[in-house]
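To start, the structure under review is shown below, and the notes come after it.
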2 protein chains.
Amino acid sequence: MHPRYALVTNQLKKHQIRLSDRRLKILECLCYNLEHPTVDQIYVNLHKEIPTLSKTTIYNTLHTLAELGLIRIINIEDNKTRYDIITESHGHFKCQTCGSIFNFEVDLKFFATDELSGFKIMERNLYFKGICQECLLNKND
Amino acid sequence: MHPRYALVTNQLKKHQIRLSDRRLKILECLCYNLEHPTVDQIYVNLHKEIPTLSKTTIYNTLHTLAELGLIRIINIEDNKTRYDIITESHGHFKCQTCGSIFNFEVDLKFFATDELSGFKIMERNLYFKGICQECLLNKND
DNA sequence: ATTTAAAATTGTAATGATTACAATTTTATT
DNA sequence: AATAAAATTGTAATCATTACAATTTTAAAT
């Protein structure tokens, strides 16, 4: 079993949220699809296996998980939301050529600034955009 | 005249983009409304003065300005895009209680990482979310 | 095992931001 | 004044997300 799957299901139990079939499948999908999937991608992924799955259920589940801090919401794009099962501090890089989103390590926990003293910081996100290595190399073809 | 207004109009001239009445008004709106307005807020702001202004024109103008790097796109919210006339490196803090977006100083060049060597970084965004000082104080009423 | 109430899920319709695009207007140039 | 390019407008289309009522599933109680 995927370690994050175990971790999240434990947390759900602790919060008395039922480990329904749908929720577990959506969670599994997030664990093995680390490409920061959108709701639509999750839907397409699971549709073969669960033809009756509704998008509303996916939205509901993701909201539940996000409220408990078990997944991260990524607003790197203007039009759609992406979801990330990795909740530890890290940054995102979006390639504007191929559309891929890469993770990179960065510890934002200790970033502080006087301007925000007195503010309660609950979420920290660092987003870069540009062109990834592969696309840069292909450009020269 | 607002210094940023001068700066942006110069750049537009340099790129042979006409300083039309609509564009200048939208730009002016961005210069004096530093609350990171949405398209709709710009529309409402200007509607009294220019009743025939179309939202499409606002979208077009903002796209033009963004393409030239003269404004910044803020995707801190999931549903709508905000725009920022300040293009110098800084972070954004969104209060989840009152909805305000605050700027704070931070040099994002500082967050370089070996993992992205070979990547071309064109845009850097740091977004925090939480509760602002004022809302924290009001909570105790 | 049956009953019952709460929770979860579904499907459809509504919302709201953004885009596409054709028609019209404005502008700069000849 | 004529002309072509650029800018603007308004309407309709698109698409992600939400609202919500109806249905199904689940867990607990009898």
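These figures come from a predicted structure and were not determined experimentally. Only this structure's heavy atoms are used, side chains among them; waters, hydrogens and symmetry mates stay out. To find a chain, count down the sequence lines: A is the first, B the second, and so on, and within it residues start at 1.
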What integer distance in Å separates A:Ile26:CD1 from C:dT9:C1'? 10 Å

Judged by each residue's nearest nucleotide on DNA chain D, which is more toward the 5′ side, B:Gln16 or B:Pro51? B:Gln16

Look up atom OG1 in A:Thr87 and atom CG in A:Leu68, then write down how far apart they are to the nearest 0.5 Å. 12.0 Å

Take the protein atom NZ of A:Lys25 and the nucleotide atom C1' of C:dA8, then report the distance between them rounded to whole Å. 18 Å

What I'd like to find out is whether the side chain of A:Thr97 reaches to under 4.5 Å of the side chain of A:Cys132, using heavy atoms alone. no

Are more than 12 heavy atoms, taken from residues, nucleotides or ligands other than B:Gln11, located less than 6.0 Å from that residue's CD atom? yes

Ignoring backbone atoms, test whether B:Thr56 places a side-chain nitrogen or oxygen under 4.0 Å from the OP1 or OP2 oxygen of C:dA20. no

Just to confirm, is there a sub-4.0 Å distance from OP1 or OP2 of C:dT9 to any side-chain nitrogen or oxygen of A:Ser20? yes

Distance check: side-chain N/O of A:Arg18 vs OP1/OP2 of D:dA27, anything under 4.0 Å? no

Expressed in angstrom and rounded to an integer, what is the separation of B:Ile17 atom CD1 from D:dA5 atom C1'? 14 Å

For A:Thr38, which contact category applies under a 4.0 Å heavy-atom criterion: base, sugar-phosphate, or nothing? nothing

Among C:dA17, D:dA16, D:dG10, find the nucleotide with the atom closest to the side chain of B:Lys80. C:dA17

Value in whole Å for how far the C1' atom of D:dT8 lies from CG of B:Leu62: 15 Å

If the cut-off is 4.0 Å, is B:Thr81 near the phosphate of C:dA17, judged by side-chain N/O to OP1 or OP2? no

Euclidean distance, atom OH of residue A:Tyr43 to atom P of D:dC15 [Å, nearest integer]: 15 Å

For the pair made of CD1 in B:Ile58 and P in D:dG10, what is the distance, rounded to whole Å? 12 Å

Spatial distance of atom CG (A:Asn75) from atom OH (B:Tyr127) [nearest 0.5 Å]: 9.0 Å

For residues B:Phe119 and A:Phe102, establish whether the separation of their ring centroids is below 6.0 Å. yes

Of A:Asn60 and A:Asp40, the one whose closest DNA chain D nucleotide lies more 5': A:Asp40

Find the distance B:Asp21:CG to D:dT8:P and express it as a whole number of Å. 9 Å

Can you tell which of D:dG10, D:dA7, D:dT18 lies closest to the side chain of A:Tyr59? D:dT18

Looking at D:dT17, I'd like to know if its phosphate oxygens (OP1 or OP2) sit under 4.0 Å from a side-chain N or O belonging to A:His63. no

Of the listed nucleotides (D:dT18, C:dA17, C:dT9), which one gets closest to any side-chain atom of A:Thr57? C:dT9

Rounded interatomic separation in angstrom, taking NZ from B:Lys13 and C1' from D:dA6: 18 Å

